Participant: 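Before we start, here is the structure in question, set down as structure tokens.
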Amino acid sequence: MSVTPVDPTQPYDPDNIFAKILRGEIPSTRVYEDEWAVAFEDIAAVAPIHVLVVPRGAYVSWDDFSQNAPAQEVAGYVKAIGNVARQLGLVEDGYRLINNIGPNGGQIVPHLHVHLLGGRTMGPMLTGQ
């Protein structure tokens, strides 16, 4: 499968895969949802617990979101991420949040999302690649 890196300066594409998941056009295994966000299992999990937390709003990246979302939406999304971690029982042992932005960050879906990983020791932050 070929993946094209996301240019985070481009306009939001309402036909991206996460927009389709949010609209229910593509099935997902949802583990959490509220008025601000939806969390669902990653189909390419790299940890025992690997969910994606996606805001309901149309934002390409964290940069787009932090610049353009109203404060209430930012707060709601950040709280949703914490709610997911607590609901999944990850707080005591710890977990990792990852957000990729743009080509150098490894972003391949043009919709803001946070990877929430847990259920094992994560190891070093980056490898020497």
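Predicted model only: the values in this text are computed from it and were never measured.
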Participant: Testing the basics here: between Ala47 and Gly118, what is the closest heavy-atom pair and its distance to 0.1 Å?
Facilitator: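 Shortest heavy-atom separation between Ala47 and Gly118 comes out as CB-O, 3.7 Å.
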Participant: For the residue pair Asn83 and Tyr32, confirm or rule out a side-chain donor-acceptor distance under 3.5 Å.
Facilitator: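 Yes, because at least one side-chain N or O of Asn83 sits under 3.5 Å from a partner of the opposite role on Tyr32.
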Participant: First locate atom CG of Asn99, then atom CD of Gln107, and finally report the distance between them rounded to the nearest 0.5 Å.
Facilitator: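 Result: 7.5 Å between the selected atoms.
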Participant: Given 3.5 Å as the limit, does a donor-acceptor pair link the side chain of Glu73 with the main chain of Asn68, or not?
Facilitator: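 Flag not set: sc Glu73 to bb Asn68 has no pair under 3.5 Å.
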Participant: Nearest heavy-atom pair of Pro8 and Val60: which atoms, and what distance?
Facilitator: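 Here Pro8 and Val60 meet closest at CA-CG1, 3.9 Å.
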Participant: Do Tyr12 and Asn16 meet the criterion of a side-chain donor-acceptor pair at a distance under 3.5 Å?
Facilitator: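 Yes.
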Participant: Just wondering, more than 12 heavy atoms not from Asn104 lying within 6.0 Å of its CG?
Facilitator: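 12 or below, so no.
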Participant: Can you confirm whether more than 12 heavy atoms, excluding those of Gln72, are under 6.0 Å from its CD atom?
Facilitator: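 At most 12 heavy atoms, drawn from other residues, nucleotides or ligands, come within 6.0 Å of this atom.
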Participant: Is it true that Asp63 and Ser61 share a donor-acceptor pair across their side chains at a distance under 3.5 Å?
Facilitator: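 Result is no, nothing qualifies.
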Participant: Just verifying a value: how many Å separate Tyr95 OH and Leu88 CG, rounded to the nearest 0.5 Å?
Facilitator: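 Reported to 0.5 Å precision, the distance equals 10.5 Å.
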Participant: When you compare the side chain of Leu97 with that of Ile81, does any pair of heavy atoms fall below 4.5 Å?
Facilitator: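 Yes - at least one pair of side-chain heavy atoms lies under 4.5 Å apart.
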Participant: If hydrophobic clusters are built from ILVMFWY residues whose side chains come within less than 4.5 Å, do Val84 and Val74 share one?
Facilitator: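 In one cluster: yes.
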Participant: Could you report the tightest heavy-atom contact between Ala37 and Ala80, atom names first, then the distance?
Facilitator: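 Answer, listing the atom of Ala37 first, then Ala80: CB-CB, 3.6 Å.
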Participant: Assess, by modelled atom type and distance only, whether the side chains of Tyr59 and Gln67 contain a donor and an acceptor separated by less than 3.5 Å.
Facilitator: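 Not at all, the side chains of Tyr59 and Gln67 share no donor-acceptor pair under 3.5 Å.
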Participant: Please check if Val109 and Val38 belong to a single hydrophobic cluster, counting links between Ile, Leu, Val, Met, Phe, Trp and Tyr side chain heavy atoms closer than 4.5 Å.
Facilitator: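 Yes.
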Participant: Is Met122 linked to Leu116 within one hydrophobic cluster, defined over Ile, Leu, Val, Met, Phe, Trp and Tyr using a side-chain heavy-atom separation of less than 4.5 Å?
Facilitator: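 No.
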Participant: For the hydrophobic clusters of this structure (ILVMFWY residues joined by side-chain heavy atoms under 4.5 Å, transitively), does one cluster hold both Ile26 and Phe40?
Facilitator: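 Yes, Ile26 connects to Phe40 through the hydrophobic network.
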Participant: In Å and rounded to the nearest 0.5 Å, what is the CG to CD1 distance from Leu112 to Ile101?
Facilitator: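 CD1 of Ile101 is found 8.0 Å from CG of Leu112.
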Participant: How far does CD1 of Ile21 sit from CZ of Arg30, to the nearest 0.5 angstrom?
Facilitator: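 Here the rounded value is 8.0 Å.
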Participant: Determine whether Arg56 and Glu33 satisfy the following criterion, salt bridge (Lys or Arg N to Asp or Glu O under 4.0 Å), listing intermediate values before the conclusion.
Facilitator: CA-CA 9 Å; Arg56 290 187 183 270; Glu33 57 186 301; 2.9 Å; yes
Participant: So which pairs with a foot in residues 38-55 pass side-chain hydrogen bond (donor to acceptor under 3.5 Å, both in side chains), sequence neighbours left out?
Facilitator: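 Matches after skipping sequence neighbours: Asp42-His50, His50-His115.
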Participant: Are Val91 and Ile49 in one and the same hydrophobic cluster, where Ile, Leu, Val, Met, Phe, Trp and Tyr link if side-chain heavy atoms are under 4.5 Å apart?
Facilitator: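 Yes; tracing contacts between hydrophobic side chains, which count when under 4.5 Å, links both residues.
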Participant: What do the steps show when you test Val54 against Leu22 for side chain to side chain contact (heavy atoms under 4.5 Å, CB included), and what is the final call?
Facilitator: CA-CA 8 Å; Val54 179; Leu22 287 170; 4.0 Å; yes
Participant: For Arg23 versus Pro14, what's the shortest heavy-atom pair and its separation?
Facilitator: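 In this case the closest contact between Arg23 and Pro14 is NH1-O, 2.8 Å.
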Participant: Could you tell me whether the side chain of Val114 reaches within less than 4.5 Å of the side chain of Leu52, counting heavy atoms only?
Facilitator: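 No - every pair of side-chain heavy atoms lies 4.5 Å or more apart.
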Participant: Out of curiosity, Leu117 CG to Ile98 CD1, how far, rounded to the nearest 0.5 Å?
Facilitator: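 Here the interatomic distance stands at 5.0 Å.
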Participant: Any side-chain to backbone donor/acceptor pair from Arg96 onto Gly123? Under 3.5 Å, distance only.
Facilitator: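 Answer holds: yes.
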Participant: Is the shortest heavy-atom distance from the side chain of Val53 to the side chain of Tyr77 under 4.5 Å?
Facilitator: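 Yes, at least one pair of side-chain atoms sits under 4.5 Å.
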Participant: Nearest 0.5 Å, what's the NE2-CZ distance between His111 and Phe65?
Facilitator: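 Reported to 0.5 Å precision, the distance equals 9.0 Å.
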